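See below for the structure under consideration.
Reminder, nothing fancy here: chain letters follow the sequence lines and each chain counts from 1. Quick caveat: nothing in here was measured; it's all calculated off a predicted structure.
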2 protein chains.
Amino acid sequence: MPTMHDVARRANVSLSTVSYAINGTRPISEETRQRIFAAMEELGYRPHALARGLASKRSRILALLFPTSERGMGTTDLEFIIGAADTARDLGYHLVLWTSDINDAVELRQLIQQGLVDGVVLMEVHLNDRRIAYLQEIDFPFSIIGRCADNTGLAYTDIDFEQTVRTAVQHLVELGHTDIAFINHAREVFDAGYGPAVRTTDAFQRITQELGIHSVIRFCHPTAQAGYTTFNALIDERPEITAIAAMNERCFPGMLQAIADRGWCVPDDISLISLVSSPDVAEMSMPPLATLAPPAAELGRLGVELLVQQLDGRPVSITERLLPCRLVLGGSTGERRAPTLNPPSQFSGVADPGL
Amino acid sequence: MPTMHDVARRANVSLSTVSYAINGTRPISEETRQRIFAAMEELGYRPHALARGLASKRSRILALLFPTSERGMGTTDLEFIIGAADTARDLGYHLVLWTSDINDAVELRQLIQQGLVDGVVLMEVHLNDRRIAYLQEIDFPFSIIGRCADNTGLAYTDIDFEQTVRTAVQHLVELGHTDIAFINHAREVFDAGYGPAVRTTDAFQRITQELGIHSVIRFCHPTAQAGYTTFNALIDERPEITAIAAMNERCFPGMLQAIADRGWCVPDDISLISLVSSPDVAEMSMPPLATLAPPAAELGRLGVELLVQQLDGRPVSITERLLPCRLVLGGSTGERRAPTLNPPSQFSGVADPGL
DNA sequence: CTGTTAGCGCTTTCAT
DNA sequence: ATGAAAGCGCTAACAG
C-alpha cells in the first residue's frame, strides 16, 4: 500500500507538500500540484484514515446512536439510518453504528473517550436525557433526531407533529367529518412523556377545538387485540364517530377486524388514517391505509448535516428543523357517512373470521 | 484526555508496560498490574482507538456494505444491521455503514485503501459479484450475508431456503392441501438469477413433486395490483388451488382484495402463507398472515462472527451457515376446503371496496 | 511557494 | 518482569 512518502518521492517534492496539496491547506503551484496528483493516480494512493485522524485530531467519523431496545416498526428506522449513512458519505464522513440499550452517560463516555468519532447523532432521546447533559458538559459535538423537554441551544431535527396532525384532521374535515377520534399510544407511554405521543395529542386537541370538531382521545396498546377492544369500546360509547386517526399502526389490524365484524366497510362507514407510518406498511392493509408518511430519510440526513455543520465550524444559525409528514392517500378515507342510520352498514352477513 | 503516558507516570512504570498490561501481550507482575489498572481507573483512561489502530495495523473496525438501492425488505434489513452492529460491539469491534449504490469494485477499493476497516461484511451479493473477486484477489478479509454462484471457500451465511420452503409446504400438506400455488418474484428478478427467487422456486418444485402435490408457479410484481391480477388469473385457470405460498409480501394486499371480491374467506376458502416476511409485517394483514420469519438478526450476527473469526486468526472450519426461517402461524392457513363446491364461499354479499 | 521536523498516542522490537 | 526507543502515516507548526 503506497504511502504519502511514496507519492512525494515520485513527484519529487517533500512529503508535506503532498499533504498540503491533498488538503488544500496551503497554496501550491499548479505545476507541482499536477505532478503530485499524477503520482497519486499512478500509485493508486489513498490517504490513510487512521493516520490522518490521529495527526489532525479529526477522524471524520460520526456515530449514530440508537437504542436497539425501544425501537418501533423498523422500516422507518431503517430509513433514518440509511439517510444518515448516505449523507455522512456525501459529506466525506464515515458513520459508525452504536447500538446502546443503555441510556447511560457512562457508556457514552467510554465510547467517546476512545477518540474514534468527531461527533454523535442521537436518536430516541428522552425528555430529560442524561446523555445530552453529559455531551453538553464535556462540550462534545452532537445533534439530535427527536426532541427533549428543553431544546434551547440544541441542534435537532424532528417531525413537525403539529403540522402533521393538522394535515390529517383537515383532510378528514374536508371529507365532511365532524366527529373524529384519536387513537393514541398506550397510556404508560404517554404518561412517561414520550414526545410524539404528547405532541400529537396536544395538537389534536388544539386543532379539533379550533375547527369546532367533536373529538375523542383513546389510549391503545400497540397490538391487534387492543385495537379491536379499543375500537369497539369507542364506537359503542361514541357511535357518532365517523373517522379515526391513529398514532400507532399496530392497532389497525384489530380495528379493521372489529370493523369487519360489524359488517362495516372502510371508508364508507368509517374513515381511517394513520399518523406517522410508512406507506410500505400502510399498503399492507386492505384497503391501503391513508397515512402521514414520516420524512425518515430526510430526518436522518438533517441529523448528520446539523452535526457536520458544527464540526466544520460553520455558524449553525438554524438549529431546529421540523419536517411535516407527507399525506399519502390510500383508500381508507372517504366522505363522512350519511348520518341517517346510526350505526349504519351495508351487509351484516360477513362471517366472523375470529381474532 | 489522559494518555497512556499519564497512566505510566501515575503508576510509576514505563509507557510500554502499560501497553503490555492492557493488551496482555506479555506477563506483568500482579502487583504492577494492579497499580496500572488503579491508575487507569483514577484517570478515567481509555485507549485511543486511532492511535492504537495506526500502531497495531488493526483498527478493530468492520464495515457493513449494503446497497441502499436494491429491493429492501425493510424491517428485515434493519434487523440484519442491528444484529451485525450488536455483535460487532460484543466482539469488541466498531461497525461502519457503507451505503454503496455502486456495485463497483473500484469504489470498494477506495474505501478499503483508506485503511479504516479490518474487514467487510457484504450484503445483497450478486451471483457473480465483482466485489468478491476483488476482495479475494487482494486477500482482504470478508464475509457474506447471502450467496453467490460459486461459494467454495467463501465465508457466508444465508437463509436455508430449501428447509424454509419445505416447512411451508409440509404445513400446508398437513392441513390436507394437495393443490398449492407458489407466487414468485417478478420474472425479471428471477431471470436475473436473484438467489432467493431461484432457490425457493427450485425447492418448491422439488418438494411438491417429492410429496406428490399438484403445484403451480406464477411470477408476480411486488405490488397490490399485480397480486390482484395474478391471483385472479391463477384461480380462474386452476380453480382447484386451495393454498398459496408467496415469496413477495407486497402482493398480499392485492390477493386479499381479490379473495374478498370473490366473497371468499381466509383461511376457510383458501390458505395463504408468506415465505420470508417478518411477523411484524405479517400482522398487518387480516387475518395475520402465516409466515416463515427470516432469522435476520441471527444472519447479521453470523456475518460478523464469520468475519471476526478470520481476523482473530481462528481456524474458520465451518464457513457456511444456513439458517431456516421460523414458521409463525397467523390465522391465514387452515384445513383444505371441502372439494364439493368449486369455487366455494360463505357469503357473497360483501361490498367491493374497490382497489 | 516549498522543505524540515516535531509530534498525534499507541504497539512492538530490542535490550536489560 | 520491565524499559527505551523506533516507528505506524499523516498534519501542522516553523523555517526559509
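Taking only side-chain nitrogens and oxygens, B/Lys57 comes nearer than 4.0 Å to OP1 or OP2 of D/dG9. Contact between the side-chain N/O atoms of A/Ser14 and the OP1/OP2 oxygens of C/dT2 is not found at any separation under 4.0 Å. Listed pair A/Ser16 / C/dT4 fails the phosphate criterion, with no side-chain N or O lying under 4.0 Å from OP1 or OP2. Using a 4.0 Å cut-off, no side-chain N or O of A/Ser56 falls inside it from OP1 or OP2 of D/dC10. Residue A/Ser29 has a polar side-chain atom (N or O) positioned under 4.0 Å from OP1 or OP2 of C/dT2. The phosphate of C/dT11 has OP1 or OP2 within less than 4.0 Å of a side-chain N or O from B/Arg52.
Across the protein-nucleic acid pair, A/Tyr45 atom OH and D/dC10 atom P stand 3 Å apart, rounded to whole Å. A straight line from CZ of A/Arg60 to P of D/dT11 spans 11 Å, rounded to a whole angstrom. Per the geometry, CZ belonging to A/Arg58 stands 17 Å off P belonging to C/dG9, to the nearest Å. One interatomic measurement links the two molecules: CD1 of B/Ile28 to P of C/dT12, which rounds to 14 Å at whole-angstrom precision. Across the protein-nucleic acid pair, B/His5 atom NE2 and C/dC8 atom P stand 10 Å apart, rounded to whole Å. Rounded to a whole Å, the CG atom of A/Asp6 is 11 Å from the C1' atom of D/dG9. Remark: P of C/dT2 and CD1 of A/Ile36 are 8 Å apart, rounded to the nearest angstrom. For the pair B/Leu116 CG and D/dC10 P, the computed distance is 13 Å after rounding to whole Å.
Looking at heavy-atom distances under 4.0 Å, B/Leu50 makes no contact with the nucleic acid at all.
For C/dG3, its base sits under 3.5 Å from the side chain of A/Arg26 at one donor and acceptor pair at least.
No salt bridge links B/Arg301 with B/Glu298; every basic N to acidic carboxylate O contact stays at or beyond 4.0 Å. Note on B/Arg147 versus B/Asp129: no salt bridge recorded, every NZ/NE/NH1/NH2 to OD/OE distance being 4.0 Å or above. With respect to B/Asp160 and B/Arg321, no salt bridge is recorded, no charged nitrogen being found less than 4.0 Å from a carboxylate O.
Between D/dT2, D/dC10, D/dA12, one nucleotide has an atom nearer to the side chain of A/Thr3 than all others, and that is D/dC10. Distance from the side chain of A/Asn23 is smallest for D/dT11 among the nucleotides D/dT11, D/dC8, C/dT11. Here C/dT2 is the nucleotide among D/dG3, C/dT2, D/dC10 with the atom lying nearest to any side-chain atom of A/Thr32. In the set C/dG9, D/dC10, D/dT2, the nucleotide with an atom closest to the side chain of A/Ala51 is D/dC10.
Side-chain contact annotation: B/Gln113 with A/His48, donor-acceptor N/O pair under 3.5 Å absent. When only modelled atom types and interatomic distance are considered, B/Ser16 and B/Ser19 share no side-chain donor-acceptor pair under 3.5 Å. Side-chain polar atoms of B/Thr152 and B/Asp150 form a donor-acceptor pair below 3.5 angstrom.
Nearest-nucleotide positions on DNA chain C for B/Ala55 and B/Tyr20 put B/Ala55 closer to the 5' end.
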